[in-house]
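What follows is one structure encoded as structure tokens, with my remarks underneath.
A, B, ... follow the sequence lines: proteins, then strands. Residue 1 opens every chain.
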Number of protein chains: 2
Amino acid sequence: MIGPLTQISRTEHLPARIAAQFAQQIQEGDLKPGDRLPTENEMSKNFGVSRTVIREAIAQLRNEGMIETRQGVGAFVIGRPTRHIRLDDRRKMDPHGFRDLFQLRVPLEIEAAGLAATYHRAEHLRQLDEALQRMKVTDDGAGDGIIADLDFHRAIAAATGNDYFVQFLGAVSDRILQTIVESRERIRLDEIVAIVNREHTELRDAIAARDPVRARAAMRTHMVGSAERIALRLEFYL
Amino acid sequence: MIGPLTQISRTEHLPARIAAQFAQQIQEGDLKPGDRLPTENEMSKNFGVSRTVIREAIAQLRNEGMIETRQGVGAFVIGRPTRHIRLDDRRKMDPHGFRDLFQLRVPLEIEAAGLAATYHRAEHLRQLDEALQRMKVTDDGAGDGIIADLDFHRAIAAATGNDYFVQFLGAVSDRILQTIVESRERIRLDEIVAIVNREHTELRDAIAARDPVRARAAMRTHMVGSAERIALRLEFYL
DNA sequence: AGTTTTCAGGTTATCAGACAATCATATGAA
DNA sequence: TTCATATGATTGTCTGATAACCTGAAAACT
């Protein structure tokens, strides 16, 4: 007996594929909020896989906030989809998407600089100096320098005292630097590194001086410079 | 034989709790990137639950991008953690977390206003006007007015032409408005609604005029006003 | 009649054990 | 040394069973 064509052929993780199938049905509106999914046993029979796999697929959808399960009742498509934010891997190399990402980063970094100047504590200054030191030591721009750069900005985000900035900026700038590293492995940082260090130092001093306006200006300058260095055309109104 | 105290007592979903425990260990640095987690059988014994539960917990962490599993080898803490961003439900009512969320929203909204002024198209203006109209019609501040308000800001995000702004601002302001609605069901909007309408109209006109500086200023005014209306103390440097 | 209690069936949650697929390493042959 | 093979460990999947829980209807009671 040959199963129907909708059955899952196995070249990859079964649960992920089944979850994707249901996610698509929800996205396309075939399954509307409030609708009940088939029982696990039914799915198990229909897809030709064990209930274990079905359960893992459902658990995945539940974690993503698309469905809700009630013991003894069933699984239901969630009403108001909790907005999860995800930086898709798809547009990683897309230059347009890259510009969009940078465009998003700029205001966050500037605001973070201002808040960091206001709210930072001694430990944050220590983190900033530590990252600065590492950037100056490692003349090699490619490897540790990039990581130290990332840590420097991460420290600024931490200094805001606002965990959302840590999360958002962490994800965004992490993704940006990753793309840079991947696309231009051999970027010539030798001449640039001095400029970046100067900008970072000014940024650090402005924060240490608890001067939000100066910190914001410094970060703005740094962002403009960064954009130019990677040949990005952006608008800066302030 | 009595099990150790670290065992999971069951009042809630087992997999979620175990996943949270490991997530915490990763966040706090007890488990560093590259570290290998115990085998499923070991965890099963240590936690006193079946391997099914352990597997679901691991699957959850994998979906969140915190760990990676390799068949025949084990589960490892991922190198670059959390490119996923989550707005936890935990701090929903926490006034401090609420301020943090608003603090994050401000620069995004201002930047979005500037970009919208530059990049908007005819359809976006139509969306703005439509939402504005709905807000003016429904004097009832509580119900549809809030939704129209959200749609207005959503339209601005869309007008940037940058999908990241749509995603990020959508998630953030959605969460903010949700909290407002939940906490102050009976907020007196009657006197306020006129002011909000005026601010929105100015915002719309600035965008329509393709004047980024004016749009940013209008949004800044709007944000300051919003913060005051919900009795939030924020810093505004620009 | 109207209300509460009890029961039966279905569904998800968890458990237990087994086998399959895959990988890392040790072992042995060339 | 270098390559092929065997072996053990670990995750992936399967199967069947039991527990916890919910819904709705029948039964018992007022």
Side-chain angles (χ1 to χ4, degrees), chain A residues 1-4 6-22 26 31 34-79, chain B residues 1-4 6-23 26 31 33-79:
Chain A
M1 163 180 161
I2 298 180
T6 61
Q7 283 206 179
I8 296 289
S9 67
R10 54 193 60 191
T11 58
E12 189 189 332
H13 281 270
L14 283 321
R17 302 178 58 180
I18 292 180
Q21 190 160 326
F22 276 103
I26 293 176
L31 286 170
D35 282 2
R36 200 187 116 176
L37 272 58
T39 70
E40 296 179 350
N41 275 322
E42 284 179 60
M43 297 194 214
S44 173
K45 223 183 290 181
N46 290 342
F47 284 110
V49 299
S50 82
R51 211 183 128 216
T52 310
V53 173
I54 298 293
R55 278 192 59 74
E56 237 176 81
I58 288 181
Q60 181 173 335
L61 293 174
R62 188 179 41 214
N63 290 339
E64 292 174 4
M66 306 187 71
I67 71 173
E68 163 201 42
T69 61
R70 279 186 292 166
Q71 183 169 346
V73 185
F76 302 85
V77 178
I78 212 77
Chain B
M1 162 180 165
I2 298 180
T6 62
Q7 282 205 179
I8 296 290
S9 67
R10 54 194 62 194
T11 57
E12 190 189 330
H13 281 261
L14 282 320
R17 302 177 59 177
I18 292 180
Q21 190 160 325
F22 276 102
I26 293 177
L31 286 170
D35 282 2
R36 201 187 114 175
L37 271 58
T39 69
E40 295 179 350
N41 275 322
E42 286 179 60
M43 298 193 216
S44 173
K45 224 184 290 180
N46 289 341
F47 285 110
V49 300
S50 82
R51 208 182 131 212
T52 310
V53 171
I54 298 294
R55 279 192 60 72
E56 231 175 89
I58 288 180
Q60 180 174 335
L61 293 174
R62 188 178 43 214
N63 290 340
E64 292 175 5
M66 306 186 71
I67 70 173
E68 163 200 43
T69 62
R70 280 186 293 168
Q71 184 168 345
V73 185
F76 301 85
V77 178
I78 212 76

*Can you check the B:Glu68 CD to C:dC23 P distance for me, whole Å?*
12 Å

_Closest-nucleotide mapping onto DNA chain D: is A:Gln71 or A:Glu56 further toward the 5' terminus? I mean the 5' end._
A:Glu56

*Considering non-hydrogen atoms only, spot the tightest contact between B:Pro15 and B:Ala57 and give its length.*
O-CB, 3.4 Å

*Euclidean distance, atom CD1 of residue A:Ile54 to atom C1' of D:dT15 [Å, nearest integer]*: 14 Å

_B:Leu14 CG to C:dT12 P, straight-line distance once rounded to whole Å_ = 18 Å

*asked:* Under 4.0 Å, counting only non-hydrogen atoms across every strand here, what does A:Thr52 touch: a base, just sugar-phosphate, or nothing?
replied: base

_Check this for me: does the side-chain of A:Arg51 come within 3.5 Å of the base of C:dA13 through a donor and an acceptor?_
yes

*Compare side-chain N and O positions of B:Arg55 against OP1 and OP2 of D:dG12 and report whether any pair is under 4.0 Å apart.*
yes

*Return the value, rounded to whole Å, for the distance between atom NZ of A:Lys45 and atom P of D:dG16.*
12 Å

_B:Leu37 CG - D:dA9 P separation (whole Å)_ = 20 Å

*Under 4.0 Å between a side-chain N/O of A:Arg62 and OP1 or OP2 of C:dA13, yes or no?*
yes

*Sidechain N-carboxylate O distance under 4.0 Å for A:Glu68, A:Arg62*: no

_Integer-rounded Å distance: C:dA13 P and A:Asn41 CG_ = 13 Å

*Distance test, side-chain N/O of B:Thr69 to OP1/OP2 of D:dG12, below 4.0 Å*: yes

*Which nucleotide, D:dC14, D:dT10, C:dT14, lies nearest any side-chain atom of B:Arg36?*
D:dT10

*Among D:dT13, C:dA13, D:dT23, the one nearest A:Glu40 by side-chain distance*: C:dA13

*Apply side-chain contact (heavy atoms from CB on, under 4.5 Å) to B:Ile67 and B:Ile26, showing your working.*
CA-CA 9 Å; B:Ile67 70 173; B:Ile26 293 177; 3.9 Å; yes

*Of A:Val73 and A:Ser50, whose closest DNA chain D nucleotide lies nearer the 5' terminus?*
A:Ser50

*Just by distance, with hydrogens left out, do A:Ser44 and A:Arg51 show a side-chain donor and acceptor under 3.5 Å apart?*
no

*Rounded to the nearest angstrom, tell me the gap between atom CD1 in B:Ile58 and atom P in D:dT10.*
13 Å

*Taking atom P of D:dG12 as reference, at what distance in whole Å does atom CZ of A:Arg17 sit?*
16 Å

_Contact between A:Met43 and A:Ile18 at the side-chain level, heavy atoms closer than 4.5 Å - yes or no?_
no

